[in-house]
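Some notes on the structure that comes next.
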Amino acid sequence: MSDVYAELTWRELIHQSTDDAGLPGWLAERPRTVYAGFDPTADSLHVGHLMAVNILRRFQRAGHRAIALLGGATGMIGDPSGRSQERNLLGEDELRANIAGMERQIRRLLEVDDSPRSALVLDNFDWMGRFGYLEFLRDVGKHFPVNVMLTKDSVKSRLERTDSGLSYTEFSYMLLQAYDFVYLNERHGCELQVGGSDQWGNITAGIDLARRLRGAQLYGMTCPLLTKSDGAKMGKTESGAVWLAPERTSPYQFYQYWINLDDADVGRCLRFFTDLDQAELEGVVAQHEQDPGQRGAQRRLAVELTRLVHGAEGLAAAQRATDVFFGAELGDLTDAQLTEIFADVPSSRLGRDRLAGEGLAVVDALCEAGLAKSKGEARRTITQGGAYVNNRRVESPDARLTPDDLAGRAALVLRTGKKRYAVLCFA
RNA sequence: GGGGGGUUUCCCGAGCGGUCAAAGGGGUCAGACUGUAAAUCUGAUGGCAACGCCUUCGCAGGUUCGAAUCCUGCACCCCCCA
C-alpha cells in the first residue's frame, strides 16, 4: 500500500478534508473504501468528471478500494450545488441511458474485475428507489435540522438570488446524498467520500448523518474545482463541454483541447491528471519553462490523457490528424485517408459538375463549406490572406477551383485562419 | 390609476430631418509577431449580379422631396407617486 495521501498532497488534489491531521495515518493503517458520486446528467463523462475518477484511481492503485456511485436516484432530483438555477428533471429512460454510458467509461478508467480489490460501480437507485416517503422522513429526515441545512452554501447562495428559487425537491438533495454515504458504509464498509469542493456540504451532511444514525465516524475530502487561470471552467470550449465519449468529442478534438491549453494551466493539469511521478513531472515543467515554444508540457499532457481516455489507437489517430492539419500543403491523399483524418471536420457534398468548365469560385466554396457566412465575408477573408485550399493560401478573391485542386480522388480541403477546416466532396 | 424614461446592428452604447449601413467600445474574423499559448499591433465586421442596388434603428401607420431622427396608435421594459 503506497501513501496516497502524500501523493494527493503533492499533486495538490486536496482542497479540504475533515481531518487533515488524522487522515494520513488512518489511510496507512489498512485498506479503506472510498467513494465518489456522479450524477448521470449526460450519457458521457466530461473533463470535469475526470478529477473525481482520477482520484478514485489513485486510491485504488494505492491499495484501497474505490466505489463509483452513479446517481440513478439523486440524478432524478438534481443537486443544487454549484447551480444557479433549478434543474430540469430528467426522465427515467434518459437516466438509464446516461448511467449505462457513464458506467462503461468508468469501468475502463478504474480497475473493475472479479478480484476482491476491484472497484465497484453502483447505482443508488438500487436502494433509494425502494424507499418509501414516510419511511425516509422518519428514518433520515428526522436527523436534519433545517437551520443547519439552510447554512449550507449550496442552499444559501440559491436563496439569496432573487431571480431563481430553490424547490423543496432540490432542497432535499443533500439528504439523499447523505444517506448514500451511510448506506455505503453499512453495506460496503465505505468510510471516505471524495468530491469536488462544491460537494463539501453534501459530504459533511453524510458524515453527520452517520454519526447520529449509527455513531460511525466517516471522513470526507474534496479536491479543487477544475478551473483555468482566467477563472473559466476547464473543459469547456465554445462548442460546449469536452466529453470523454469519442462520439461527442473525437480523440482529435480531445487531444487538441490539451495541446491548446494555456501555459499557466498546463502544470496543474499534469499534476492532477497524469501518472508522471514528481521527478519526471518537474522535469517536463522545467523544460517547458526553458523553451515554451516546444509546447512540451502540453504535448505530454495531451498524449497521456488521450491515451488514458481513448487508448493507444485513439491517440495515434489524433496525432495523425494533427500532423496533417498543421503540416504543409496537402499532396496526394487517398479518399480513405482524407475521410479518417478529417472525420472531425464538417464536410459537404457537391456535384462534381460544379468543378467543370470555369470551375467553382473559392468564394462560393467557402460559403458552401460553412467557413463563411456570406460571400462578402468569404471575399474579405481571402483578401486578407486567410483562406487556404489544401493548406495552400488562396491569392485572389476571384480564384476558382477545378478538378486539379482535388487532394484526393473526389475531395479537397478548405481552411480559414489557422485551424478552421472543412472538406468538400465532389460526388 | 397618475407622471416620467426607454426600445438602435452579435452585445453595450452614440446618433443635428438629408453628407447614416449608422460614432465609440466589446465581441468576432483575418493578418503580423510568436509557440496551434497569452499579450500586443494592423485590418475587417448587414446582403448582393458591388464606383451601384437592396434590407436594417421595437411594431403599424402618418407628415415630408427626404425619417433611426417629427406626429399618432400599439407592444414590451424601467423608474417615481398612489
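Proteins come first, then strands; the chains are lettered A, B, ... in the order of their sequence lines, and each starts at number 1.
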Inter-nucleotide [atom1] distance ([N], [M]), Å rounded:
{"N": "B:C41", "M": "B:G46", "atom1": "P", "value": "23 Å"}
{"N": "B:C20", "M": "B:G31", "atom1": "P", "value": "32 Å"}
{"N": "B:A68", "M": "B:C80", "atom1": "P", "value": "34 Å"}
{"N": "B:G13", "M": "B:G66", "atom1": "C1'", "value": "27 Å"}
{"N": "B:U63", "M": "B:C70", "atom1": "C1'", "value": "8 Å"}
{"N": "B:G43", "M": "B:C48", "atom1": "C1'", "value": "23 Å"}
{"N": "B:U45", "M": "B:G1", "atom1": "C1'", "value": "48 Å"}
{"N": "B:A50", "M": "B:C59", "atom1": "P", "value": "30 Å"}

Take atom [atom1] of [X] and atom [atom2] of [N], then tell me their distance rounded to the nearest Å.
{"X": "A:Ile382", "N": "B:A30", "atom1": "CD1", "atom2": "P", "answer": "13 Å"}
{"X": "A:Leu261", "N": "B:U36", "atom1": "CG", "atom2": "P", "answer": "15 Å"}
{"X": "A:Glu395", "N": "B:A30", "atom1": "CD", "atom2": "P", "answer": "17 Å"}
{"X": "A:Arg379", "N": "B:U45", "atom1": "CZ", "atom2": "P", "answer": "14 Å"}
{"X": "A:Asp323", "N": "B:U36", "atom1": "CG", "atom2": "C1'", "answer": "13 Å"}
{"X": "A:Asn260", "N": "B:G35", "atom1": "CG", "atom2": "P", "answer": "15 Å"}
{"X": "A:Asp265", "N": "B:A38", "atom1": "CG", "atom2": "P", "answer": "11 Å"}
{"X": "A:Leu270", "N": "B:A37", "atom1": "CG", "atom2": "P", "answer": "19 Å"}

Mark yes or no for whether [X], through its side chain, and [Y], through its backbone, hold a donor-acceptor pair below 3.5 Å.
{"X": "A:Arg117", "Y": "A:Gly63", "result": "no"}
{"X": "A:Asn98", "Y": "A:Asp43", "result": "yes"}
{"X": "A:Thr18", "Y": "A:Tyr219", "result": "no"}
{"X": "A:His188", "Y": "A:Cys190", "result": "no"}
{"X": "A:Arg354", "Y": "A:Ala356", "result": "no"}
{"X": "A:Ser17", "Y": "A:Met221", "result": "no"}

For [X], report the nucleic acid contact type (base, sugar-phosphate, nothing); a contact means any heavy atom under 4.0 Å.
{"X": "A:Arg393", "result": "sugar-phosphate"}
{"X": "A:Thr383", "result": "nothing"}
{"X": "A:Gln294", "result": "nothing"}
{"X": "A:Tyr388", "result": "sugar-phosphate"}

Q. Between A:Lys419 and A:Gly386, who's closer to the 5' end of RNA chain B by nearest nucleotide?
A. A:Gly386
Q. Closest nucleotide of RNA chain B for A:Tyr255 versus for A:Glu377: which of these residues is on the 5' side?
A. A:Tyr255
Q) Of the options A:Tyr255, A:Tyr388, A:Tyr421, which is the one that meets A:Phe325 in a ring pair (Phe, Tyr, Trp, His ring centres under 6.0 Å)? A) A:Tyr421
Q | Considering all heavy atoms, the nearest A:Asn390-A:Ala407 contact | A | OD1-CB, 3.5 Å
Tell me which nucleotide among [options] gets nearest to the side chain of [X].
{"X": "A:Arg420", "options": "B:C29, B:G47, B:G35", "answer": "B:C29"}
{"X": "A:Pro292", "options": "B:A30, B:G47, B:G35", "answer": "B:G35"}
{"X": "A:Ile259", "options": "B:A30, B:U45, B:U36", "answer": "B:U36"}
{"X": "A:Asp262", "options": "B:A30, B:U36, B:A38", "answer": "B:A38"}

(Q) Could you tell me the Watson-Crick or G-U partner of B:U40, where both distances fall under 3.5 Å? Say none if there is no partner. (A) B:A32
Q | Stepwise side chain to side chain contact (heavy atoms under 4.5 Å, CB included) check, A:Leu8 with A:Arg58 | A | CA-CA 8 Å; A:Leu8 295 178; A:Arg58 297 193 194 285; 3.9 Å; yes
Q. Can you list, by residue number, the residues of residues 362-376 of chain A that have a non-hydrogen atom closer than 4.0 angstrom to RNA chain B?
A. A:Ser374, A:Lys375, A:Gly376
Q) Hey, does the side chain of A:Arg380 come within less than 4.0 Å of B:G47's phosphate (OP1/OP2), counting only N and O? A) yes
